[in-house]
2 protein chains.
Amino acid sequence: MFSFVEENYLKAIYHLSDHGRKSVSTNSLAEEMQTTAASVSDMVAKLSKKKAVDYQKYKGVNVSGKGKEVALRVIRKHRLWEVFLVDKLKFHWDEVHEIAEQLEHIKSPLLISRLDEFLDFPKHDPHGDPIPDENGIFSTVKKVALTELELNTPAQVVAVNDSSSAFLKYLDKVGVSIGTKLKVEDTNEFDGSLDIIINQQKALTISQTAAQNILVANI
Amino acid sequence: MFSFVEENYLKAIYHLSDHGRKSVSTNSLAEEMQTTAASVSDMVAKLSKKKAVDYQKYKGVNVSGKGKEVALRVIRKHRLWEVFLVDKLKFHWDEVHEIAEQLEHIKSPLLISRLDEFLDFPKHDPHGDPIPDENGIFSTVKKVALTELELNTPAQVVAVNDSSSAFLKYLDKVGVSIGTKLKVEDTNEFDGSLDIIINQQKALTISQTAAQNILVANI
DNA sequence: TGTAGTGTTTAGATTCGTCTAAAAAAAATA
DNA sequence: TATTTTTTTTAGACGAATCTAAACACTACA
C-alpha cells in the first residue's frame, strides 16, 4: 500500500502539522526529510493522488484521514520498538531512535500486537511520548511540568521538554528517568527550586529550570 | 554498503551454492528470487563489480569472501530474529519466516549482539538450523539421531529429519520442540522404543521411528 | 500597486531494480 | 560435426525516488 518512503513522509507531515492541526510548507518538509523542495513537491503530489494528504499547490499540505492513520500506525510501531530496545535490550534512551526508524517499517500487525503484549502494553515510550493504541488513540493522561505539581502528590515522570544531552546527563546523574515516581515536598520561594522525593526514598533539590523541563502525570 | 536487494541475492547465492561449494546458474537464481534471468544477469554483474561474487559470463556465480560474509551476517540476523519471535513473542515456528525476512535487513551490529545476549546466545533457530556467530562460524555441535544418544546423557533437540505436519503435530503433542532438553533413560529392545525424560521431569516413551527423526546434540 | 525577493512547482536527467524482446553462447542431439 | 534447443546475456525501456536548473506564484515593502 504505502512504501517505506511514503510512510516516512506521512509521519513527518503529521509531526510538522502538530498532529494535523496546521498545514505544512514544502520547505519545512524538505528540511525535515533532508531532501530538496523539488523532491517534496513530487512526493506530495503523489501522496495527494493516493488520497493520503490534502494538498493544494502553493498552499501547503496536511495528512488526510487515511494519511493520519498510516502515520499513527508507524508512530505506534516506532515507540513500541523503542520500549523494547530500552526495557529488554538495555539500550539507553538516547541510542534507540535510529534503530526504531528502521524497525517501524516492518509490516506485520500480528508482530506488533504480540510485541505490545510482551512489553506489557506500555503507554509511553522511553522519551515519555505517548504510544497510540491500535486505533490510533493516545491515552489521555494529563502531563504537567514538575513546577505545576501539587505538594506531596505522587506522580510519575512521563516526558521531558528539553532533550539536550546535557539535560539528559543531568537527569541520569540524579536518578530521574521516564517512569520514575516522585513527589514534591517543598518549594523554595527565593529561587523557585524544588525539594523532591524520588521513589519514596531519595531526597533531592532541583532548580526551577530543571523542574520546568520535567513533565509528570498523576498516579 | 549493500542494499536490501543485494543482501537477498547474496543470501540466495550462498544457499543455492550449498554454502559456497558449487556455482549457481542464472536460471536457478532467477527462480529462487522470483524474477527473470535478465534481472539476475544484471544484478550478478553489479555484485561482481562490487567484488561480492565471483562471476564469469555463462559460467555461473558464487559468493566471494566478502559476499559470504554479508550472506552469513544476514543469515545470523534472520535466525536470531526467528528465535526471538518464537521464544519471546510466542509465535509458532512455522509462522516466523516472513517476518524474519524483513527483520534480517535491520542495520545495527549493536542491536544484534544485544539480541543475541537477550536470547541467551542460541546456537540454533526454531527450525534447528545453526546460527553463525559474529564471525560467521557455525557451532560444530555434532548432531545425532536420538536413537544414537548414550543412556542418561543430557542432550538438546536441535533439528528434525521429518518435517511433515503429522510428525510436527506429534512432537507438539508430546511436548518436544527444538531446544527441548532431554535424556534417554532406557531402551526397550523388543521394539526399539525409548524411555526418555523431558526437561528433567516428564517421562515418556517414544517409538524407534520417531526417535530416528529427532536430532539431538550433547549439552 | 508594482516589483524584488522568497517559496514552490515543473522540466529534464540520474540511479536502482526491474521488465520484454532479441541476440549470443553453450549444451544437447541427430 | 552440424543443427537444434536451452541458457544466458545484451539492448532498450519503465517506475520509483531523487537531483539541478529554470519557470512560476505568492508576499512584502517601497
Side-chain angles (χ1 to χ4, degrees), chain A residues 1-14 16-17 22-64 66-67 70-71 74 101-102 104-107, chain B residues 1-14 16-17 22-64 66-67 70-71 74 101-102 104-107:
Chain A
M1 197 67 182
F2 289 95
S3 74
F4 188 103
V5 174
E6 289 168 337
E7 284 187 349
N8 281 337
Y9 268 89
L10 289 171
K11 192 174 54 137
I13 294 166
Y14 180 77
L16 291 176
S17 70
K22 55 181 200 255
S23 87
V24 176
S25 74
T26 301
N27 267 351
S28 62
L29 191 48
E31 193 186 352
E32 176 80 9
M33 298 299 293
Q34 304 265 61
T35 183
T36 61
S39 303
V40 169
S41 259
D42 288 350
M43 179 54 77
V44 159
K46 189 177 154 202
L47 288 170
S48 178
K49 208 158 72 185
K50 289 177 101 168
K51 309 261 184 243
V53 297
D54 299 323
Y55 168 58
Q56 284 174 272
K57 279 185 200 170
Y58 298 103
K59 303 282 180 180
V61 65
N62 211 334
V63 288
S64 70
K66 197 206 262 180
V70 173
V74 174
E101 283 290 305
Q102 299 179 59
E104 74 188 8
H105 300 291
I106 303 293
K107 277 164 185 53
Chain B
M1 196 64 179
F2 289 94
S3 74
F4 189 103
V5 174
E6 288 168 337
E7 284 187 349
N8 281 337
Y9 269 89
L10 290 171
K11 191 174 56 139
I13 294 166
Y14 179 78
L16 291 176
S17 70
K22 56 180 200 257
S23 86
V24 176
S25 75
T26 301
N27 266 352
S28 63
L29 191 48
E31 192 185 353
E32 174 81 9
M33 299 299 293
Q34 304 264 61
T35 183
T36 62
S39 302
V40 168
S41 258
D42 288 350
M43 179 54 77
V44 159
K46 189 178 154 201
L47 287 170
S48 178
K49 206 159 72 184
K50 290 176 102 168
K51 309 260 184 245
V53 297
D54 299 323
Y55 169 59
Q56 283 175 272
K57 279 185 201 172
Y58 299 102
K59 302 282 180 182
V61 65
N62 210 334
V63 288
S64 70
K66 198 207 263 180
V70 173
V74 174
E101 282 290 306
Q102 299 180 58
E104 74 189 7
H105 300 291
I106 303 292
K107 279 166 184 55

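Everything numeric here is computed off the predicted structure, so don't read it as measured data. Every chain is numbered from 1 and lettered A, B, ... according to where its sequence line falls, protein lines coming before strand lines.
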Within a strict 4.5 Å, meaning less than it, do heavy atoms of the [X] and [Y] side chains meet?
X: B:Val40; Y: B:Thr35; value: yes
X: A:Glu32; Y: A:Lys11; value: no
X: A:Asp54; Y: A:Ser64; value: yes

Practice task
Tell me whether the OP1 or OP2 atom of C:dG7 has a side-chain N or O from A:Ser25 closer than 4.0 Å.
Solution key: no

Problem - A:Thr36 vs D:dC19: side-chain N/O to OP1/OP2 distance below 4.0 Å - result: yes

Candidate nucleotides [options], ranked by approach to the side chain of [X] - the nearest:
X: A:Tyr55; options: D:dC19, C:dC19, C:dT9; answer: C:dT9
X: A:Ala38; options: C:dC19, D:dT8, D:dT20; answer: D:dT20
X: A:Tyr58; options: D:dT10, D:dT20, D:dC26; answer: D:dC26
X: B:Asp42; options: C:dG7, C:dT18, C:dT9; answer: C:dT18
X: B:Thr35; options: C:dT18, C:dT9, D:dT9; answer: C:dT18
X: A:Met43; options: D:dT18, C:dT18, D:dT8; answer: D:dT18

Exercise for the section: Please check if atom NZ in A:Lys50 has more than 12 non-hydrogen atoms from other residues, nucleotides or ligands closer than 6.0 Å. Expected result: yes

Gap between atoms [atom1] and [atom2], on [X] and [N] respectively (whole Å):
X: A:Leu29; N: C:dT8; atom1: CG; atom2: P; value: 10 Å
X: B:Leu47; N: C:dC16; atom1: CG; atom2: C1'; value: 13 Å
X: B:Lys59; N: D:dT7; atom1: NZ; atom2: P; value: 17 Å
X: B:Gln56; N: D:dT8; atom1: CD; atom2: P; value: 15 Å
X: A:Asn8; N: D:dA16; atom1: CG; atom2: P; value: 17 Å
X: B:Glu7; N: C:dC16; atom1: CD; atom2: C1'; value: 15 Å
X: A:Asn27; N: C:dG5; atom1: CG; atom2: C1'; value: 14 Å
X: A:Lys57; N: D:dC24; atom1: NZ; atom2: P; value: 12 Å

Handout entry: Full working for side-chain contact (heavy atoms from CB on, under 4.5 Å) between A:His105 and A:Phe2
Key = CA-CA 10 Å; A:His105 300 291; A:Phe2 289 95; over 6 Å; no

Practice task
Tell me what A:Ser41 touches on the nucleic acid: a base, only sugar-phosphate, or nothing, going by heavy atoms under 4.0 Å.
Solution key: base

Problem - Touch class at under 4.0 angstrom, heavy-atom based, for A:Tyr9 against every strand present - result: sugar-phosphate

